[in-house]
Amino acid sequence: MDEERRNHERYDNEQLLLNVARPGIKGFLRLNPKADCVDFSLAGLQFTTKQAMKPGEALVLDLCVYDIELTEIYGEVVTCIQEDGGLWCCGVKFCYEDRRMKRPNIKRSLLQIEDKLRSLNLYPSVTA
């Protein structure tokens with residue numbers, strides 16, 4: 001994606017813990033991928049995993065940065081590109097239009113995560 005097209009600042013930080021699952025019956029039938037977050041923005045995030053994902057695939061994400069925890073964030077895979085070493089880099093957009101994403105705490109918690117990551121990037125030696 002071109003930098004000019006981005007509406008939200010992206011933040012990278014190893015303090016962001018991410019759990020990825022597939023919704024519904026697919027989540028029970030398939031092994032959920034282990035994922036490492038590459039970067040985060042209010043629009044979505046990128047992560048690396050050993051499992052390939054398909055563009056358009058629905059995901060349920062849990063995010064945690066220190067004391068901020070957010071569960072059941074609905075997203076959709078936008079891109080999935082294989083990198084050197086066999087890992088896949090997946091780009092996911094948050095599905096704000098989904099009725100389950102309209103809970104008031106979702107946007108507030110995502111803003112808190114963004115603020116925490118911004119602070120950690122500006123002041124990396126300070127722990128939260």
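Residues take their numbers from the sequence shown, with the count starting at 1.
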_Between Glu57 and Arg22 (salt bridge meaning N to carboxylate O under 4.0 Å), is one present in this structure?_
yes
*Measure across Phe47 and Ala35 and return the closest heavy-atom pair with its distance rounded to 0.1 Å.*
CD1-CB, 3.5 Å
*Is there a donor-acceptor pair closer than 3.5 Å between any side-chain N or O of Thr49 and the backbone N or O of Pro33?*
no
*Can the positive tip of Lys102 be found less than 6.0 Å from the middle of the six-membered ring of Tyr96, inside 45° of the ring normal?*
no
_Leu111 side, atom CG; Ile106 side, atom CD1 - distance, nearest 0.5 Å_ = 12.0 Å
_Heavy-atom check, side chain of Trp88 versus side chain of Met53, under 4.5 Å_ = no
*Heavy-atom pair with the smallest gap, counting every atom of Glu114 and Leu42*: OE1-CD1, 3.5 Å
*Min side-chain heavy-atom separation Val38-Thr48 under 4.5 Å*: yes
*Chi angles and distances behind the side-chain contact (heavy atoms from CB on, under 4.5 Å) call for Phe94, Leu61*: CA-CA 9 Å; Phe94 298 135; Leu61 311 166; 3.9 Å; yes
*Could you state whether Leu45 and Leu87 fall into the same hydrophobic cluster, counting links through intermediate Ile, Leu, Val, Met, Phe, Trp or Tyr residues with side-chain heavy atoms under 4.5 angstrom apart?*
no
_Shortest non-hydrogen contact from Glu72 toward Val60_ = CA-CG1, 3.6 Å
*Any chance you could measure Ile113, atom CD1, to Leu63, atom CG, to the nearest 0.5 Å?*
4.5 Å
*Roughly how far, to the nearest 0.5 Å, is the CD atom of Gln112 from the CG atom of Asp67?*
8.0 Å
*Say whether Ile81 and Leu18 are linked into one hydrophobic cluster, either directly or through other cluster members, by side-chain heavy-atom distances under 4.5 angstrom.*
no
_To the closest 0.5 Å, what do you measure between OG (Ser109) and CG (Leu70)?_
4.5 Å
*With side chains defined as the heavy atoms from C-beta onward, is the minimum distance between Leu110 and Phe40 less than 4.5 Å?*
yes
*To the nearest 0.5 Å, tell me how far Cys37 SG sits from Gln46 CD.*
8.5 Å
*With rounding to the nearest 0.5 Å, note down the distance linking CG in Asn19 to CG in Leu59.*
12.0 Å
*So which heavy atom on Cys80 is nearest to which on Cys90, and how close?*
SG-SG, 3.0 Å
